[in-house]
Amino acid sequence: MSLAREKLKFARRIVIKVGTSTLAHGESGKLNLYRIEHLIREIADLRNAGKEIIFVTSGAIAAGIGKMNLKSKPETIPENQALAAIGQGVLMHIYEKFFAEYGLTMGQILLTKDNATDEHARENCKNSLMAILRMGAIPVINENDAVAVDEIKIGDNDNLSAIVAVMVNAEVLIILTDIDGLYDGNPKVDSNAKLIREVEKISEEVEQMAGGAGTKLGTGGMFTKIQAAKLTTRNKIPTVIVSGREIGNLRKVLSGEEIGTIFNS
Ligand code: GLU
């Protein structure tokens with residue numbers, strides 16, 4: 001086991017980000033309740049083991065689309081804002097229910113870019129996050145998509161999760177996604193593409209591997225995950241990109257198992 005992986009066993013303050021591709025069914029776009037329930041159970045168990053968890057979740061717009069029985073994301077910004085408003089409630093209702101089943105309390109925080117760039121706002125936001133943690137509750141964070149338009153938008157939750165990780169001095173950021181980690185090619189089209197287990201430094205070559213893309217419902221793709229890892233590793237926070245499809249991966253990462261891709265700090 002590498003030293004970087006070994007250290008993850010001792011991480012106490014952990015930011016976990018989960019993407020829409022993990023939270024929703026690919027075909028129907030409806031929420032994947034089986035996966036959400038297992039994920040929350042795993043988070044609750046980590047909390048019981050004495051870890052501090054900060055949970056960054058996408059999926060609001062997807063949940064809104066499902067709730068309103070639409071087939072895809074609408075074209076206009078106001079309609080997407082409306083779906084975010086509708087879906088955020090749906091999502092929180094489900095999280096709250098699952099956390100409560102395991103005896104835990106959550107507190108929702110919705111951020112915009114200002115919270116990340118303005119020093120005063122950042123400090124206020126940090127204070128609120130820390131108070132939620134001190135109360136033993138779990139902060140659940142998303143971007144405030146119902147009011148944020150381009151100028152005040154971070155735009156994707158990978159970067160948002162990195163900003164949060166830096167804000168709370170996390171010991172690790174774990175990004176759960178629909179792929180096993182960073183590959184040296186595109187595994188969807190190239191069967192020889194290999195999973196990279198460990199990245200020492202985010203070089204240009206590594207950035208090129210990330211490509212673009214994302215899914216029908218999600219925003220990020222690998223590109224924004226690498227951007228996020230650049231910010232965290234610069235701030236001495238190791239970051240792991242790992243599949244959120246398999247149940248138990250969070251626990252495996254935090255036991256030092258060699259799954260996903262770790263970006264060393
Ligand atoms: N904040 C968006 C949502 O909740 C997701 C952004 C992202 O997928 O990165 O739908």
Side-chain angles (χ1 to χ4, degrees), residues 15-26 28-33 35-36 39-40 54-96 106-116 125 139-165 173-179 210-232 239 241-245:
V15 175
I16 296 166
K17 183 260 168 177
V18 61
T20 304
S21 58
T22 304
L23 296 170
H25 288 285
S28 67
K30 300 249 182 197
L31 291 177
N32 187 330
L33 294 173
R35 232 184 243 157
I36 294 176
L39 179 63
I40 299 301
I54 298 103
F55 185 45
V56 177
T57 178
S58 303
I61 295 178
I65 290 172
K67 179 83 178 175
M68 302 314 283
N69 285 315
L70 304 177
K71 295 258 172 305
S72 58
K73 271 188 190 173
E75 303 263 308
T76 72
I77 293 174
E79 281 171 309
N80 276 293
Q81 288 175 308
L83 290 176
I86 293 164
Q88 184 68 23
V90 173
L91 206 54
M92 290 308 110
H93 183 69
I94 290 169
Y95 287 148
E96 164 86 24
M106 52 153 280
Q108 172 192 254
I109 298 192
L110 297 175
L111 297 176
T112 58
K113 201 176 188 173
D114 290 346
N115 303 113
C125 180
V140 179
I141 301 170
N142 195 359
E143 184 150 27
N144 196 349
D145 296 313
V147 298
V149 286
D150 275 354
E151 307 80 71
I152 57 161
K153 216 169 162 56
I154 295 164
D156 70 89
N157 279 9
D158 296 320
N159 278 293
L160 175 68
S161 67
I163 289 166
V164 168
L173 166 64
I174 303 176
I175 297 180
L176 296 171
T177 186
D178 60 347
I179 187 166
T215 57
K216 185 168 72 156
L217 290 163
T219 307
M222 204 42 84
F223 180 72
T224 50
K225 292 177 180 51
I226 302 290
Q227 283 183 327
K230 271 174 128 176
L231 177 61
T232 45
T239 296
I241 298 174
V242 67
S243 166
R245 285 169 310 190

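First listed ligand is number 1; within each ligand, the first listed atom is number 1.
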Taking C-beta and beyond as the side chain, do Gln227 and Thr224 meet within less than 4.5 Å on heavy atoms? yes
Any nitrogen or oxygen of [X] lying under 3.5 Å from a nitrogen or oxygen in ligand 1? Just yes or no.
| X | result |
| --- | --- |
| Asp158 | no |
| Asp145 | yes |
| Asn157 | yes |
| Ile61 | yes |
| Ala60 | yes |

Sub-3.5 Å donor-acceptor pair from the side chain of Asp178 to the main-chain atoms of Arg245, do we have one?
no
At under 4.0 Å between heavy atoms, what of Asp156 touches ligand 1? The answer is both
So the atoms of ligand 1 within less than 4.0 Å of a heavy atom of Asn142 turn out to be 1 (N), 3 (C), 4 (O)
**Asked** Going by atom types alone, do Asn69 and Lys30 pair a side-chain donor with an acceptor below 3.5 Å?
**Response** yes
| query | Taking it one step at a time, do Leu70 and Leu83 satisfy side chain to side chain contact (heavy atoms under 4.5 Å, CB included)? | reply | CA-CA 10 Å; Leu70 304 177; Leu83 290 176; 3.8 Å; yes
To the nearest 0.5 Å, atom CG of Leu91 lies from atom CG of Leu31 at 6.0 Å
Rounded to the nearest 0.5 Å, the OG atom of Ser161 sits from the CD1 atom of Ile141 at a distance of 9.5 Å
Is there a heavy atom in Gly19 that sits closer than 4.0 Å to ligand 1?
no
